[in-house]
Protein chains: 2
Amino acid sequence: MGKLVTEMLKGTLEGIVLAVLGGRPAYGYEITAWLRDQGFSDIAEGTVYALLVRIEQRGLVDVRKVPSEKGPPRKVYSLNAQGQAYLEEFWRTWSFLAERLEQLREEGPQT
Amino acid sequence: MGKLVTEMLKGTLEGIVLAVLGGRPAYGYEITAWLRDQGFSDIAEGTVYALLVRIEQRGLVDVRKVPSEKGPPRKVYSLNAQGQAYLEEFWRTWSFLAERLEQLREEGPQT
DNA sequence: CTCGCTATTCGGTGTTGCTAGGTACTAGTA
DNA sequence: TACTAGTACCTAGCAACACCGAATAGCGAG
């Protein structure tokens with residue numbers, strides 16, 4: 001896509017991934033593929049893996065290794081209680097930002 | 001506010017400021033005050049000024065100096081044609097992202 | 001046995017917002 | 001005079017995050 005998306009993803013990609021994990025456990029490769037499917041056509045693989053490491057270190061997810069038939073073992077991440085709480089905080093922040101922007105788009109800044 | 005907002009602002013703050021300038025010309029100090037009014041309570045002044053320098057260097061805005069009665073002269077920025085085009089591109093990108101997130105929030109990832 | 005797909009990891013880069021100051025001009029006040 | 005506060009702008013160094021490119025590793029097909 002472009003630089004605009006890249007910059008906007010900072011801060012939101014993390015929430016997106018957490019939201020995915022909120023729905024069901026998943027592993028890196030799978031998440032990357034899903035994101036590309038959703039239109040984030042040029043998400044870098046490395047980006048997703050780095051993000052997963054971060055949220056694991058922050059204790060937002062649990063991990064378990066699952067053998068794969070076609071390749072190295074998968075690291076399957078699932079959202080834990082702390083991650084759930086963080087995700088809710090993310091949605092609140094997102095709502096705040098989205099409301100401000102929607103208002104700006106419709107009305108312009110109130111004079 | 002918090003780190004979450006800070007990270008989310010990366011990539012969107014620029015669009016926000018351009019949108020403000022799309023409504024009317026404005027200067028840095030004024031924009032900062034307006035943002036704080038809108039709930040972005042701890043936007044740093046330096047952030048806004050640095051951003052304005054960037055968008056000026058990219059040729060998205062026109063600038064003129066206007067004397068002030070109570071302080072140094074103001075640098076009043078206004079959106080030019082190139083900035084207008086960029087702003088529209090920003091809105092398209094924003095819409096894309098917002099749609100994906102809204103979908104995620106409501107449905108969860110489709111299994 | 002090499003090619004392609006699955007799956008993860010890592011080092012270095014660029015952009016961006018923040019911190020924490022500084023400069024400069026005006027007006028009010030002790 | 002000296003100080004304080006409000007207006008208005010600028011800068012250097014920092015941290016976080018997404019990107020790029022490459023490497024590693026296992027498996028099946030040709």
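First the proteins, then the strands, lettered A, B, ... as listed; each starts at 1.
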Base of D:dA16, side chain of B:Lys3 - is there a donor-acceptor contact under 3.5 Å?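 Under the 3.5 Å cut-off, the side chain and the base do not form any donor-acceptor pair.
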
If you assign each of B:Glu14 and A:Gly71 to its closest nucleotide in DNA chain C, which residue comes earlier from the 5' end?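 Upstream on the strand: A:Gly71.
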
Which comes earlier along DNA chain C counting from the 5' end, the contact point of A:Glu7 or that of A:Val53, where each point is its nearest nucleotide?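 Its nearest nucleotide lies further toward 5', so the answer is A:Val53.
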
In whole angstrom, give the distance that lies between atom [atom1] of [X] and atom [atom2] of [N].
| X | N | atom1 | atom2 | answer |
| --- | --- | --- | --- | --- |
| A:Leu35 | D:dA18 | CG | P | 11 Å |
| A:Glu45 | D:dC19 | CD | P | 12 Å |
| A:Arg74 | D:dA25 | CZ | C1' | 15 Å |
| B:Arg36 | D:dT7 | CZ | C1' | 13 Å |
| B:Glu30 | D:dT7 | CD | C1' | 12 Å |
| B:Tyr29 | D:dC9 | OH | P | 10 Å |
| A:Phe40 | D:dC19 | CZ | P | 11 Å |
| B:Leu4 | D:dA15 | CG | C1' | 16 Å |

With respect to B:Thr47, which candidate in B:Leu52, B:Leu9, B:Leu13 satisfies the side-chain contact (heavy atoms from CB on, under 4.5 Å) definition?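 Per the side-chain contact (heavy atoms from CB on, under 4.5 Å) rule, the option paired with B:Thr47 is B:Leu13, out of B:Leu52, B:Leu9, B:Leu13.
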
Pick out which of A:Leu4, A:Leu101, A:Val5 makes a side-chain contact (heavy atoms from CB on, under 4.5 Å) with B:Trp94.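 Checked A:Leu4, A:Leu101, A:Val5 against B:Trp94; only one passes side-chain contact (heavy atoms from CB on, under 4.5 Å): A:Leu101.
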
Cluster question for you: counting only ILVMFWY and a side-chain heavy-atom cut-off of under 4.5 Å, with indirect links fine, are B:Tyr49 and B:Val66 together?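 Same cluster: B:Tyr49 reaches B:Val66 through Ile, Leu, Val, Met, Phe, Trp or Tyr contacts under 4.5 Å.
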
Worked check of side chain to side chain contact (heavy atoms under 4.5 Å, CB included) between A:Arg92 and A:Phe96: CA-CA 6 Å; A:Arg92 273 193 294 277; A:Phe96 169 78; over 6 Å; no

How close do [X] and [Y] get, heavy atom to heavy atom, and via which atoms?
| X | Y | value |
| --- | --- | --- |
| A:Lys75 | A:Val63 | CE-CG1, 3.9 Å |
| B:Ile31 | B:Ala26 | CG1-CB, 3.8 Å |
| A:Ala19 | A:Trp91 | CB-CZ2, 4.0 Å |

Taking the side chain of B:Pro72 as its heavy atoms from C-beta onward, which of D:dA16, D:dT7, D:dC19 lies nearest to it?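 Minimum distance to the B:Pro72 side chain belongs to D:dT7.
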
Proximity to the side chain of A:Thr6 - top-ranked nucleotide from D:dC19, D:dA16, D:dC17: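 Closest nucleotide to the A:Thr6 side chain: D:dC19.
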
How is A:Gly46 classified with respect to the nucleic acid when contacts are heavy atoms under 4.0 Å: base, sugar-phosphate, or nothing?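 Contact class for A:Gly46: base.
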
Is the distance from OP1 or OP2 of D:dC10 to the nearest side-chain N or O of B:Lys75 less than 4.0 Å?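 Yes, within the criterion.
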
When you check the phosphate oxygens OP1 and OP2 of D:dC10, does a side-chain N or O of B:Tyr49 lie under 4.0 Å from one of them?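 So the side-chain polar atoms of B:Tyr49 never come under 4.0 Å of the phosphate oxygens OP1 or OP2 of D:dC10.
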
Do other residues, nucleotides or ligands put more than 12 heavy atoms under 6.0 Å from the CZ atom of B:Arg64?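 Count not over threshold, so no.
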
Sub-4.0 Å heavy-atom contacts from residues 54-69 of chain A onto DNA chain C, ordered by number: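 When residues 54-69 of chain A is checked for heavy atoms under 4.0 Å from DNA chain C, the hits, listed by number, are A:Ser68.
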
Counting N and O atoms only, with roles assigned by atom type, does the side chain of A:Thr12 sit under 3.5 Å from a partner on the main chain of A:Met8, one being a donor and the other an acceptor?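 Judged by distance alone, yes, a pair lies under 3.5 Å.
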
Any side-chain heavy atom of A:Glu99 sitting closer than 4.5 Å to one from A:Gln103?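 Counting from C-beta outward, A:Glu99 and A:Gln103 never come under 4.5 Å.
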
Using a heavy-atom cut-off of 4.0 Å to chain A, what are the terminal contacting nucleotides of DNA chain C, in 5' to 3' order?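 Nucleotide range with atoms under 4.0 Å of chain A: C:dT6 to C:dT16.
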
